[in-house]
2 protein chains.
Amino acid sequence: MTSTRERILDTALALFNRHGERRVTTNHIAAELAISPGNLYYHFRNKTEIVSELFRRYEARVEAFLQVPVGRALTWQDKVAYLEAILQNMWQARFFHRELGHLLDADEHLRRRYADFARRSLDQGLQVYCGLRHAGLLEATDEELESLLVNTWVLIASWTGFVHALVPGERLDEELDRTLLRQGIYQIICLEAPYLRGEALEHLDTMKDAYRQGSHSTLELLFE
Amino acid sequence: MTSTRERILDTALALFNRHGERRVTTNHIAAELAISPGNLYYHFRNKTEIVSELFRRYEARVEAFLQVPVGRALTWQDKVAYLEAILQNMWQARFFHRELGHLLDADEHLRRRYADFARRSLDQGLQVYCGLRHAGLLEATDEELESLLVNTWVLIASWTGFVHALVPGERLDEELDRTLLRQGIYQIICLEAPYLRGEALEHLDTMKDAYRQGSHSTLELLFE
DNA sequence: CGATTGTTAGAGTAATTACTCTAGGTGTCA
DNA sequence: TGACACCTAGAGTAATTACTCTAACAATCG
């Protein structure tokens, strides 16, 4: 059986994702777990520490896979794997991006950590794009590459917020969840499309079809 | 002299943008204006109503200029004007986008209004893009056009959030504000770049230089 | 003048909420 | 058995904060 500490984190994450961090009190978390507030505060000094720890988890997962493989060239399959992994993680910690503005305002320490995380991730992202260019899967000037990188980052970081703004929580079942996540990947594929070459370009249409579920457009999905 | 009601709205907007809606209490707003809380509540039933009214203002301004001119073709200057106007407005109401997630969670009525607003704006945006295509300034399939539209929307709506996450409030003077706003326009120009044709393509480099202040890249600006 | 309408002050309240404190259980190892 | 570390309960508190209430001021109009 998992430790109380872990269960608190898991429950907090679930509640934050469902209702938003602001609306979920420490007492709610304790109640959901059927433990006392005192117990919760035995494991975490304060609510901030819970958020902080959830961020640490998320950060660690992203850094783990956002690496350029050494000793071999990048393939177009790698590119897809990156997208899948990043958006998957993003989605798991979606409360974080939805309320990023406030969370960082309320905790300067977290702001610095987030800025460092962004810097490192963008740096790694640039390595990946350079690797893809080097492998002949992508053609772009340095300037184009950087603007593409920034746009990709912003889009990824904001996708869950965009979805949540338009789709109220109660409409979001697991089915729609998965669909909208894949739709996010589709949007990023479209972002990169003009710069793709070689094998990546050959598989573009296949990829598009794979992630654009059914014949629905992104807008149709959101506004049904 | 402007009315108390207007001054409350202006002050609330300024404080919300500076500190975030969550951290600014109604008492803060009253204190900043040197009026009593009672006075504030005479003009607004509650805090939600202030936010709601600020959104109404913002919404009205965006809808006012996001129109396709009748009786003439679109020019590339129109395109630039749209970007300037949209991002300008976005910036003015930046607290709204920074805390959109929570604001919509806390007010279902606002969520519906926002969804309607997004739908209408995206619809108008599509008209604009179609107009540009018709004028030979842009070449894209319907599918490409739609994904471009969605990406543009998400990017615009998230730009302020992105900037604010990486640049702490105290570093943000008016100078840097303007620079980062223009940098946002630069990023959107890059997003559209692969699809530009004709005059729009001819002016692309000029536009890029105009909005990419100095020789700094977006990342250098943010992380300096 | 008196009455009415719109506006303001400011003390006060009810509710929320993050967090504390004390006391007591539970398992483990000597 | 007893001691010790770990864990848990739950009542309680201090602070915040959105919001109310009453009284009064000011301008206008009959």
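Note on naming: letters A, B, ... go to the chains in the order of the sequence lines (proteins, then strands), and numbering restarts at 1 for each one.
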Handout entry: Salt-bridge contact A:E6-A:R57 (side-chain N to carboxylate O under 4.0 Å)
Key = yes

Fill in the blank from the handout: From CD1 of A:I35 across to C1' of C:dC19 the rounded distance in Å is 14 Å

Problem - Side-chain touch A:L66/A:S121, heavy atoms, less than 4.5 angstrom - result: yes

Handout entry: Euclidean distance, atom CD1 of residue B:I29 to atom P of D:dC19 [Å, nearest integer]
Key = 11 Å

Exercise for the section: Would you please confirm or rule out a distance under 4.0 Å between OP1 or OP2 of C:dA9 and any side-chain N or O of B:S36? Expected result: yes

Fill in the blank from the handout: A:R45 CZ to C:dC21 C1', in whole Å, measures 18 Å

Exercise for the section: May I ask you to say what B:A34 touches in the nucleic acid, namely base, sugar-phosphate or nothing, with a heavy-atom cut-off under 4.0 Å? Expected result: sugar-phosphate

Exercise for the section: Would you indicate, yes or no, if C:dT8 has its OP1 or OP2 atom less than 4.0 angstrom from a side-chain nitrogen or oxygen of B:Y42? Expected result: no

Handout entry: Distance in angstrom units between A:E49 CD and C:dC19 P, rounded
Key = 10 Å

Exercise for the section: Would you mind checking if A:E59 and A:R56 are paired as a salt bridge, meaning a charged N to carboxylate O distance below 4.0 Å? Expected result: no

Problem - D:dC7 OP1/OP2 closer than 4.0 Å to side-chain N/O of A:T4 - result: no

Exercise for the section: Indicate yes or no: at least one non-hydrogen side-chain atom of A:L103 is less than 4.5 angstrom from one of A:F55. Expected result: no

Practice task
Report the distance from atom CG of B:L33 to atom C1' of C:dA9, rounded to the nearest whole Å.
Solution key: 14 Å

Handout entry: N-O pairing of B:R113 and B:D116 below 4.0 Å
Key = no

Handout entry: Partner of B:Y58 by ring-ring contact (aromatic ring centres under 6.0 Å, His included), out of B:F117, B:Y114, B:F95
Key = B:F117

Atom pairs, N/O to N/O, protein against nucleotides 15-18 of chain D, distance under 3.5 Å?
unit_1	atom_1	unit_2	atom_2	d
D:dA18	OP2	B:T26	N	3.0
D:dA18	OP2	B:T26	OG1	3.2

Practice task
Between B:H43 and A:P37, name the one whose nearest nucleotide on DNA chain C is closer to the 5' end.
Solution key: B:H43

